[in-house]
Visitor: 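The structure under discussion is supplied below as structure tokens; questions concerning it will follow.
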2 protein chains.
Amino acid sequence: MSERKKRKPGETREKLMSAVLSLVSKGRHFASLGIREVTRQAGVVPTSFYRHFRNMDDLGLQLVDELGLVLRRMMREARENVFQADKLIEESVGIFVSHAQANRSFFLFMAQGLAGESRAIQDGIRSEMRYFATELANDLRRLKLADHLSDGDLEMTCDLVVRSVAFSLTDLMGISAEDEYQVEQIRKRTCRFLQLIFVGAAHWDNKGP
Amino acid sequence: MSERKKRKPGETREKLMSAVLSLVSKGRHFASLGIREVTRQAGVVPTSFYRHFRNMDDLGLQLVDELGLVLRRMMREARENVFQADKLIEESVGIFVSHAQANRSFFLFMAQGLAGESRAIQDGIRSEMRYFATELANDLRRLKLADHLSDGDLEMTCDLVVRSVAFSLTDLMGISAEDEYQVEQIRKRTCRFLQLIFVGAAHWDNKGP
DNA sequence: CACTCATGTGTACAGTCGTACACAATGTGT
DNA sequence: ACACATTGTGTACGACTGTACACATGAGTG
């Protein structure tokens with residue numbers, strides 16, 4: 001139970017996970033990747049794979065965990081940088097887009113996993129999205145921006161927001177990262193989506209059941 | 001250039017496409033399917049595949065075409081059955097859910113293809129969604145339900161509607177088709193999403209650029 | 001009839017797959 | 001210093017893969 005002082009503990013593990021992300025950003029789908037292919041990309045012998053993962057789904061699940069970290073970092077940055085309520089949407093979407101560009105492979109993996117082959121990975125990603133929606137609801141409450149909404153209605157609104165942003169994610173992933181014009185189009189369009197949703201939320205009066 | 005009277009023209013072709021759908025509904029991802037696996041499921045010899053498709057992506061593209069037919073059938077039924085404007089959302093979502101159940105494998109394929117491996121299939125499905133949004137916009141114009149919206153804003157609203165429904169689709173595909181309770185939950189939640197969006201659209205005044 | 005054409009079958013091959021096993025290197029606790 | 005646990009390597013095997021080729025069938029056309 002002492003400290004590990006190996007030269008590079010878990011180095012191959014990281015190489016394998018990076019290899020998957022790298023293949024995914026090259027256009028491959030996670031479900032079509034095999035152990036040999038991943039180890040080849042990582043520059044390791046196939047047998048090494050089993051030292052760290054039981055199978056590809058196991059690796060995918062651990063990628064979902066790391067994805068969670070990325071998302072939390074993004075949320076923290078958004079919380080630190082969004083001060084004025086009237087720019088809330090623009091700022092948040094901007095941060096989201098830049099994170100999606102900076103961690104393209106992670107978000108690509110996320111988009112794929114939502115309708116992927118492994119139920120466990122699907123559930124993991126869905127759970128991350130639910131957590132995100134909950135945190136968003138907390139923030140809106142804290143900023144007194146949703147006082148007239150019931151808890152259930154606020155939760156629904158945030159859920160819709162997260163889904164819309166997630167769908168914009170698949171738009172982003174469909175274009176090349178360098179196409180500034182298209183990125184800007186998607187950014188603006190996502191902002192308008194969210195504005196529309198928030199206008200709806202602002203005028204939402206016990207219309208729900 | 002005369003009429004073909006072969007016993008069963010294109011029979012194997014259909015068997016191959018059905019085989020893919022069948023494998024997809026069993027939980028497999030399209031990107032992970034191989035030619036041999038598909039032909040085995042179809043009860044045909046592997047070489048027969050090439051008589052009808054150049055590769056798996058080609059087959060996928062033709063599945064997208066058939067998916068288009070399914071979507072158009074659904075839209076027609078919605079147009080025929082939705083009379084009163086106040087029940088428009090409930091009726092439409094109900095028709096959507098029942099179609100998604102009846103053609104589960106097609107919609108599963110669609111959900112997968114949105115973030116799939118083949119760019120061509122992605123674009124095909126995206127194009128189907130765009131068509132759908134446009135038709136929806138036409139209907140709303142025709143029913144005089146969006147008179148205060150500019151064309152661009154109406155298009156955006158319909159796009160958001162279609163995206164929200166498409167995301168509900170992945171919810172639907174994640175549960176077992178027999179779980180009536182969960183299906184009902186998703187149905188209700190989708191209705192609330194759309195209601196929120198339409199409330200937003202109703203109060204939308206040149207807030208856009 | 002013989003022909004062509006579309007379709008389906010059988011065989012074959014080289015490459016890849018997942019994974020089991022024995023072994024080497026190296027850092028850790030006694 | 002010793003044995004141990006962890007991590008990485010090399011080899012091996014049977015199953016599966018995509019696809020090329022030659023051939024069989026049967027319908028439509030001359």
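We name chains A, B, ... by the order of the sequence lines, and we start the count at 1 in each one.
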Visitor: Would you indicate which nucleotide in D/dT9, C/dC17, C/dT9 comes nearest to any side-chain atom of A/Ser48?
Guide: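 So the side chain of A/Ser48 is nearest to D/dT9.
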Visitor: Across the strands shown, which category fits B/Arg13 at heavy-atom distances under 4.0 angstrom: base, sugar-phosphate, nothing?
Guide: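 Touches nothing.
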Visitor: Between protein and nucleotides 10-12 of chain C, what N or O pairs are separated by less than 3.5 Å?
Guide:
{"residue": "C/dG10", "atom": "O6", "partner": "B/Thr47", "partner atom": "OG1", "Å": "2.7"}

Visitor: B/Arg51 has an atom CZ; how far is it from atom P of D/dA24, in whole Å?
Guide: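 That distance rounds to 14 Å.
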Visitor: With a 4.0 Å heavy-atom cut-off, tell me which residues in residues 18-34 of chain B come close to DNA chain D, sorted by residue number.
Guide: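 The answer is B/Gly34.
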Visitor: For A/Tyr50, which contact category applies under a 4.0 Å heavy-atom criterion: base, sugar-phosphate, or nothing?
Guide: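 Base contact - A/Tyr50 has a heavy atom under 4.0 Å of at least one base atom.
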Visitor: Sequence neighbours left out, what passes side chain to side chain contact (heavy atoms under 4.5 Å, CB included) with B/Ala102? Give chain and number order.
Guide: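 Per chain and number, B/Ala102 pairs via side chain to side chain contact (heavy atoms under 4.5 Å, CB included) with no residue.
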Visitor: Would you confirm whether A/Arg141, through its side chain, and A/Ala146, through its main-chain N or O, come within 3.5 Å as a donor-acceptor pair?
Guide: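 Checking the backbone N and O of A/Ala146 against the side chain of A/Arg141, a donor-acceptor pair under 3.5 Å is found.
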Visitor: Does anything in residues 23-52 of chain A form a ring pair (Phe, Tyr, Trp, His ring centres under 6.0 Å)? List the pairs, not counting sequence neighbours.
Guide: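 The answer is A/His29-B/His29, A/Phe30-A/Phe109, A/Phe49-A/Phe53.
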Visitor: Tell me which pairs pass side chain to side chain donor-acceptor pair (under 3.5 Å) where either residue lies in residues 162-172 of chain A, with sequence neighbours left out.
Guide: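 Those involving residues 162-172 of chain A are A/Asp159-A/Arg163, A/Arg163-B/Asp171, A/Ser168-A/Thr190, A/Asp171-B/Arg126, A/Asp171-B/Arg163.
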Visitor: Compare side-chain N and O positions of B/Arg40 against OP1 and OP2 of D/dT17 and report whether any pair is under 4.0 Å apart.
Guide: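 For B/Arg40, the contact criterion (side-chain N or O under 4.0 Å from OP1 or OP2 of D/dT17) is met.
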Visitor: Hey, does the side chain of B/Ser18 reach the backbone of B/Glu14 with a donor-acceptor pair shorter than 3.5 angstrom?
Guide: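 Checking the backbone N and O of B/Glu14 against the side chain of B/Ser18, a donor-acceptor pair under 3.5 Å is found.
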Visitor: Reading DNA chain C 5' to 3', how would its secondary structure be written in dot-bracket notation, given Watson-Crick and G-U pairs with both distances under 3.5 Å, brackets [ ] for crossing pairs and | for partners on other strands?
Guide: ||.|||||||||||||||||||||||||.|
